Amino acid sequence: MTTTTSTPRTSVCIALCGSGGAGVMTAGNLLLEAAAQAGWYGLMVRSSGPQIRGGEAAALMRIATHPIDCMDDRFDAIVAVDWQNIHRFADEVPLDRSSLIVGDPEQGAPPEVFVKSGARAVELPMKKIAKGIPGSWPNMIALGFASQLLGIPADKVKAVVARSLKKGAEQLPASVAAIEAGRAAAAGEGAAFTLAAPPAARAKRWLITGNQAAGFGAIRGGVRFVAAYPITPATELLEYMAPALPQVGGVLVQAEDELASVNMIVGASYGGVPALTATAGPGLALMTEALGLAVAAEVPIVVVDVMRGGPSTGIPAKSEQSDVSIALWGLHGDAPRLVIAPNSIADCLTATQWAVHLAEALQAPAIVLSDQFFGQARAVTDRPADSGLVGERLTAPAGSEGYKRYAVTDSGVSPMAIPGTPGLAYTADGLEHSERGIPSSGAADHRVQLAKRERKLVAHDYGAQWADVEGEGGIAVVTFGSCTGAAREAIARARADGVNARLVSMRLLAPARPKLLAAALDGVDRVLVVEQNHGGQFLRYLRAEFELPRTVRSFRHPGPLPIRPEEVHRQILALEEESPR
Amino acid sequence: MTTTTSTPRTSVCIALCGSGGAGVMTAGNLLLEAAAQAGWYGLMVRSSGPQIRGGEAAALMRIATHPIDCMDDRFDAIVAVDWQNIHRFADEVPLDRSSLIVGDPEQGAPPEVFVKSGARAVELPMKKIAKGIPGSWPNMIALGFASQLLGIPADKVKAVVARSLKKGAEQLPASVAAIEAGRAAAAGEGAAFTLAAPPAARAKRWLITGNQAAGFGAIRGGVRFVAAYPITPATELLEYMAPALPQVGGVLVQAEDELASVNMIVGASYGGVPALTATAGPGLALMTEALGLAVAAEVPIVVVDVMRGGPSTGIPAKSEQSDVSIALWGLHGDAPRLVIAPNSIADCLTATQWAVHLAEALQAPAIVLSDQFFGQARAVTDRPADSGLVGERLTAPAGSEGYKRYAVTDSGVSPMAIPGTPGLAYTADGLEHSERGIPSSGAADHRVQLAKRERKLVAHDYGAQWADVEGEGGIAVVTFGSCTGAAREAIARARADGVNARLVSMRLLAPARPKLLAAALDGVDRVLVVEQNHGGQFLRYLRAEFELPRTVRSFRHPGPLPIRPEEVHRQILALEEESPR
Amino acid sequence: MNDMAVALQPAAYKSDYKPIWCPGCGDYSVLSAFTKAFSMVGRKPEEIVVVSGIGCSSRLPAYLSSYGFHGVHGRALAAATGLKLARPDLTVVASGGDGDGYSIGGNHFLHACRRNVDLTYVVMDNHVYGMTKGQPSPTTEPDWQSKLSPTGTGLRVFHPLVVALAAGANFVARAFSGDPNGVADILAEAIRHPGFSFVEILSPCVTFRPEQRNWKQAVHPAPVGATDDPAKAARRILSDDGFNVGILYRGNRPVYRPPVGKAKKQPADLEKEFEV
Amino acid sequence: MNDMAVALQPAAYKSDYKPIWCPGCGDYSVLSAFTKAFSMVGRKPEEIVVVSGIGCSSRLPAYLSSYGFHGVHGRALAAATGLKLARPDLTVVASGGDGDGYSIGGNHFLHACRRNVDLTYVVMDNHVYGMTKGQPSPTTEPDWQSKLSPTGTGLRVFHPLVVALAAGANFVARAFSGDPNGVADILAEAIRHPGFSFVEILSPCVTFRPEQRNWKQAVHPAPVGATDDPAKAARRILSDDGFNVGILYRGNRPVYRPPVGKAKKQPADLEKEFEV
Ligand SMILES: Cc1ncc(C[n+]2csc(CCOP(=O)(O)OP(=O)(O)O)c2C)c(N)n1
Ligand SMILES: Cc1ncc(C[n+]2csc(CCOP(=O)(O)OP(=O)(O)O)c2C)c(N)n1
Ligand code: SF4
Ligand code: SF4
Ligand SMILES: [Mg+2]
Ligand SMILES: [Mg+2]
């Protein structure tokens, strides 16, 4: 999908790079904000080297006229304040002949790995220009250049810079001059990279990361207790909640480890307060014993797993969808639970809010499968409407006669006594128990309770949110989570090629909804399963839980590189070829 | 399968019951040993109430002319020294009209739940008879009665009692007199319950529990380091190894928790010493993080999971096959590992030995899925031959130039440097790494290492041990672990009805062997999947990993009751009806 | 339980489930001490939650008429901490055994002492894993032989009281289950004392450690009263015979209270920070 | 590494991988102290294994030419214990950070002190989680503000040395990374000392705790030498200013050695017990 035309573009990708401290992340954030102010949508992904501080850094940006949930296949430009180790980002910043390589000649020639793409090199003496403007920095030249290239109005850029400087207002004139110098240098590039005008009418826009979105979604859903242990890439979710939660009357506590954090939230929720923790793979692994307790004792909790490269410590700062299996099947015993996967940064909010609602309604643990890409990417999105879904638990009224905590009901949900309620005191138990909650090793109690815990999840009406189903055609792309953006774009490109395909992006992974998927796949004879991991965990899940059409193709690769729209597009075309209609 | 004939029986089931302290376990063990001495095979399962001590107890016994791996559907007799709470065992001791209920009239009438089976009641005043023989106890009367009923020669019974008394030899005459009194009382019952003669020619026999067998198999395989934390029903495996291991130069250490025990064995194995831990579901859940480390750092370890009722603390002392999912899929990230399921008590030895061999050969963690039935049941078996398979690791020779710990090889197995070897020092790592073991977040290193770790398991030739495939026919019973005994008997019964069915009992669950299963199912058009859990975890695994014939039926129920031969037999007949050939 | 006058008698704090404990187990007396202490403290059964792990001793909650939480092995303090922070209005008591608390639960013990949430933690210490039928716990004597430790563990015993002091517990006491009234007095004080109160109760396991029946003869009241100097308390405990019973340390560290917001906002009020 | 004369110089104990640490991080000096101490102890690189968890500090093993094991977060002591018990011929050093060792790893810390296997445990304490970009650790001051603790934790700091003494560590020292020779001397002694030796090294995180650059001015040698009385050592430490550097306690508890069999049998010799 190379674009050489100079008609206004609906989406442009640009990478701002430089060694740590060169301020490329700042420049990227300002560019994103300016674009947002001007009415565009956009996305910024931060990438950096293995060093704890001061290594190479890249702000990978995409600005577009419409909401976007993934990077494009190629970058229109890379703007490097310097080239130190920037070659390490080559995989993440694919260029081609119509791309630009913008470098400072003082910092040496661009790395061969970029040059060999055939992209055109542009010299921008950022350091020298910045030196000529006392108090300015090369990253502001880069910002000016990039903003001009994309056609983002100067006043918007200056406004966000002014706002960002707050106290240091005396620096503003130098920054403004630097931005102008950068813009002047880019003027010669013409309009090849200029974005089409943003949509005219527009609702409220937000600038938010998936981690913030999940945190705020939890608050909207009613979470008022969080216990957690820091772990990349979930930490920012907690760091968002630490000051936010007390403002709405909630409590956040840093636990000594993940065993403590998950048991703390089970304790809090037993006390009637909707509770959440956030973690990544290694932490989730440590939490499975207590997740089983939440299943057996029927205590609602929400665990947000911000997935990263695995196995083991793996690749902590990179995205991968490889915790599907542990989320779905990682508990000992027959332990039904909810697994929910947001499929956009904005959906991190909505899906987490839904997860809180479902966990509370069904008195079961819910795992939210976010990932590093969602969690740490910052996006311009439409304000996610409040679904109004809050955690509401079926509680037992004071003084019910002969209260049975684990009473067998049609729905499978039993009224829960909240400590403090007179006359209902009971002991919650992870041992198998009778309806009263008394430990029992009898076959009858075991069968009844196992069936009840399964039934309450399976019998629930989850509504249309179970998946996003879009489009028509005999081919369906079935995916979940952060592959959804690439799949959606791939389908649009296929449509442009005259090939129709459907998108099924599953939000509710567990309990599986075989009938709903069957309906969504009605008329489909070929399925393409897309996921970002090595082993095909989502594919295995689909095979295990659903009836699928005979032709099922898997497209997958592990992180750290994202699944790109063009990869999926090619797969759709190949599938179309394979059995021509 | 009721048997009313009085031709000698090939198998008899009898339960000895009484309140704690009544000595029924002792009597059961003696009966089993006497039968073994006389050349029969047999099995004894201990069952007891929820009390820590002094609750009701039952020794569930089956004695047979051939090796057996499960209880029968019905019991020929229940002999109760007293009736206190013995009705709680009603599910576990199914009786019918041809059964006997042997009780002491002084202890009251037999419980209605037994009587309503139509079984014939026999009065045996054990307490009174024992009183008449100073120094004797009612349980010896019961032993005598049972041994006579089954036709176990008196001299064998007396010999095992004599041996058991060792120091207290002065008690012997009273015990012998009691046994004789019991036998005399049973003489009137005739030969309806008499066992056919045991096989004449016979190899060495062992009396062993599955836990002992697994422990000894580990020792045979070369395990010389064990760290563990006690948990029912795995503790006896450790208690067997605690004195045994030091005798062969090994070390056992009780860890502070399961996180410690699994990391200890990873440390020991990194040091070159084959290492093992044993646990049950809750402990396994705590070990998954370190299992992932063993995958990524390629450190062989063996974890024996003696499955019990789940989820959470569940039903600790009862059997269930509900840790299939966590064993197969419970790690975060793409984490291929070995999962091996012994399918008889004797196979606990062979399969564990094999697991040690495979873990060492493939530098990967192996999970052995035993269960409470295997672990705690005591069986008379033929001596399991030593397969000779020991742990042998591909090590790197001292001074190899430019040593790469995680070198990419065809087999996927890389030579491992053992600390102490000069010139090869490296750092084992759970972070993704280059071939040298240096942390790397690069896409190329990640793909190569993920593929290598998968390849080494998938490419290995596991030989015929991957499954036990027996019989012919268009119907196959596919199962694993402790359901195998019942499935095998069911198939034999079906054959007697003129219905042929195949048995496929899978020993190697991971990596999955789709081609081997396809070959084993060649000509099969209907599959019956048998497992002891609620959710159909094994069924889900089969669907996910294999191509199955169109007709797949699942027969399953959770613990604590075992899957019985007759249940499976009926399923086979139903499947035969369903699509007549 | 609806009659408040009755509710305040010890008997009102007992449930009608029969313990699974062995006849003679020390935990029966601990149970009775709990009911007495609750009666003394005067909170209603529904205002109290007893949180435990797994073990014989951890079965206790169901035998009380208060709310109970029987969680997983070793995590009672974590669950209790979450509960108390979320529901500061409740009286939360964590309880369990020496294996549960000092072996698998050791990290939560350390950090609960340090965190000083207003909780009471009661360990029924029998120097053995009772529930799993007799393995050594951290407080087991080094030469005690069992199937799993045929030659003894050879390990120095864990000093729970000393570790609690080092980690910052705010109230430290030792009691003996053979004297339920004494235990009740200590428990009531522990519950009333602000912050993290730790009560170690010597509670014999008559089945796997029958020799512990002799503890009755061995225990004696601490010769001096509680100090508020943790170093002094630790020194005394290190040099006592292990059977010194009483309140040994009373601290006055501030109770941990998590940060709370000044004005209570609505979720919608938090949206501003995301707006472009 | 094949030349033994060279192997005994500190430089021979360094690998050629470049640390990922921030410029100025205290851990560089700890690394150099490790190489010096190994040289002093005189064991060959291949006879030494350094075992760590996860954190900036836990990256250390790969920067040494000895064998290394970079395991999971918080479990270094467990892995090191298994390794040393299985391979008593090796010199095993566990190392990591304050988060790794005192937060998630707290239980193993307690039990390693108690078990007294012949190990050395080195914690590079910077009172912060460096690797995850600046959250409070157990040793963080109660008023230190971060994104995750915007108003400070409000928690008393964890006293690693005091807890180690209470739990039974056999050698306890505090060192400061700014003095690599001093650290090396202490490390060498710790390695030579039988049993579980614990060395807490104050090692500044210049990125998230830049104020720790002032530690250079704050540290000073302990005014008195090491004692062999744990209670005395604990009291001294509780009343010192936290910057007292040196060996503070040298114990003489017997080193833990697991039971070993008398005559070495073959597996087949164990079959008798199963025979009918
Ligand atoms: C994760 C986990 N590991 C192990 C067990 C097995 N287990 C149950 S109780 C127990 C020890 C109980 O000892 P203690 O806490 O001293 O209680 P007691 O029975 O002596 O009162 C153990 C190891 C478990 N239930 N869960
Ligand atoms: C199970 C698990 N939980 C959390 C993490 C995330 N994590 C990595 S390092 C670290 C803390 C490191 O702090 P410290 O041990 O003090 O080392 P430092 O970086 O300060 O040297 C954490 C929480 C992890 N890797 N694994
Ligand atoms: S085993 Fe010991 S601790 Fe458990 S109930 Fe019996 S006497 Fe009490
Ligand atoms: S973040 Fe701190 S501890 Fe980590 S490398 Fe940088 S200075 Fe060192
Ligand atoms: Mg105990
Ligand atoms: Mg630190």
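Here is the naming used below: chain letters follow the sequence lines, and residue numbers restart at 1 for every chain. Since the model is a prediction, treat every value here as computed from it, not as a measurement.
Per-residue counts of heavy-atom pairs under 4.5 Å with chain A were compared for C:S52, C:P61, C:G68, C:S15; the largest is that of C:G68. For the options C:R59, C:Q266, C:K84, heavy-atom pairs under 4.5 Å to chain A are most numerous at C:R59. By number of non-hydrogen pairs under 4.5 angstrom with chain C, the leading residue of A:A260, A:G222, A:G267 is A:G267.
Both the backbone and the side chain of A:A417 come within contact range of chain C, with heavy atoms under 4.5 Å apart. Contact of A:A227 with chain C is not made at all, since no heavy-atom distance falls under 4.5 Å. Within the 4.5 angstrom heavy-atom criterion, atoms from both the backbone and the side chain of C:V72 approach chain A. When heavy atoms are compared at a cutoff of 4.5 Å, A:A297 does not approach chain C at all. Of the atoms belonging to A:L431, it is side-chain heavy atoms, and not backbone ones, that fall under 4.5 Å from chain C. Proximity to chain C is limited to the side chain of A:F216, based on heavy atoms less than 4.5 angstrom apart. Heavy-atom distances place both the backbone and the side chain of A:L207 under 4.5 Å from chain C. Heavy atoms closer than 4.5 Å to chain A are found nowhere in C:A80, neither backbone nor side chain. A:I418 touches chain C through backbone and side chain together, each having a heavy atom under 4.5 Å away. If you measure heavy-atom distances from A:V248 to chain C, the contacts under 4.5 Å come from both the backbone and the side chain. Within the 4.5 angstrom heavy-atom criterion, only side-chain atoms of A:D257, from C-beta onward, approach chain C. Only the side chain of A:P439 comes within less than 4.5 Å of a heavy atom of chain C; its backbone N, CA, C and O stay farther away.
Taking the six-membered ring for Trp and thresholds of 30 and 60 degrees, A:Y270 and C:F69 have ring planes more than 60 degrees apart, a perpendicular arrangement.
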Next item on the list: Step by step, work out the side-chain contact (heavy atoms from CB on, under 4.5 Å) result for C:H108 and A:E256.
Entry: CA-CA 7 Å; C:H108 313 304; A:E256 55 270 31; 3.0 Å; yes
Checklist line | Residues C:V276, A:Q37; criterion side-chain contact (heavy atoms from CB on, under 4.5 Å); working and verdict | finding: CA-CA 6 Å; C:V276 168; A:Q37 292 289 356; 3.8 Å; yes
Next item on the list: Take A:R205 and C:E275 through the salt bridge (charged side-chain N to carboxylate O under 4.0 Å, His left out) test and state the conclusion after the steps.
Entry: CA-CA 6 Å; A:R205 293 276 168 75; C:E275 287 168 10; over 6 Å; no
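Between the side chain of C:R87 and the main chain of A:G271, a donor-acceptor pair closer than 3.5 Å is present.
Considering every non-hydrogen atom in both A:Q254 and C:R115, the closest pair reads O-NH2, 3.5 Å. Nearest heavy-atom pair across C:S65 and A:A425 is O-CB, 3.1 Å. Residue C:A86 comes nearest to A:F225 through the heavy atom pair CB-CD1, 4.0 Å, listed as atom of the first residue, atom of the second, then distance. Contact record, A:T421 with C:E46: O-CB, 3.5 Å, taken as the closest heavy-atom pair. C:L90 and A:P419 get closest at one heavy-atom pair: CD1-CB, 3.7 Å. The two residues C:L85 and A:V251 have their closest heavy-atom pair at O-CG2, 4.1 Å.
Counting only heavy atoms from C-beta outward, the side chains of C:R75 and A:L259 approach each other to under 4.5 Å. In this structure, the side chains of A:Y240 and C:E273 come closer than 4.5 Å at one or more pairs of heavy atoms. Side-chain contact between A:T427 and C:Y17 is absent, with no heavy atoms from C-beta onward closer than 4.5 Å. When side chains are defined from C-beta on, A:Q247 counts as touching C:L270, because their heavy atoms get closer than 4.5 Å.
The pair C:E271-A:R383 counts as a salt bridge, with a side-chain nitrogen and a carboxylate oxygen less than 4.0 angstrom apart.
Rounded to the nearest 0.5 Å, atoms CZ (A:R378) and CZ (C:F274) are 10.5 Å apart. Taken to the nearest 0.5 Å, the CD1 atom of A:I219 stands 11.0 Å off from the NZ atom of C:K265. To the nearest 0.5 Å, the span separating CG on A:L293 from CD1 on C:I54 amounts to 8.5 Å. Here the CG-CD1 distance, from C:L83 to A:I265, works out to 13.5 Å after rounding to the nearest 0.5 Å.
Residue C:K14 qualifies as enclosed at atom NZ: its count of foreign heavy atoms under 6.0 Å is above 12.
Scored by the ring-ring contact (aromatic ring centres under 6.0 Å, His included) test, C:H193 finds C:F171 as partners (sequence neighbours excluded).
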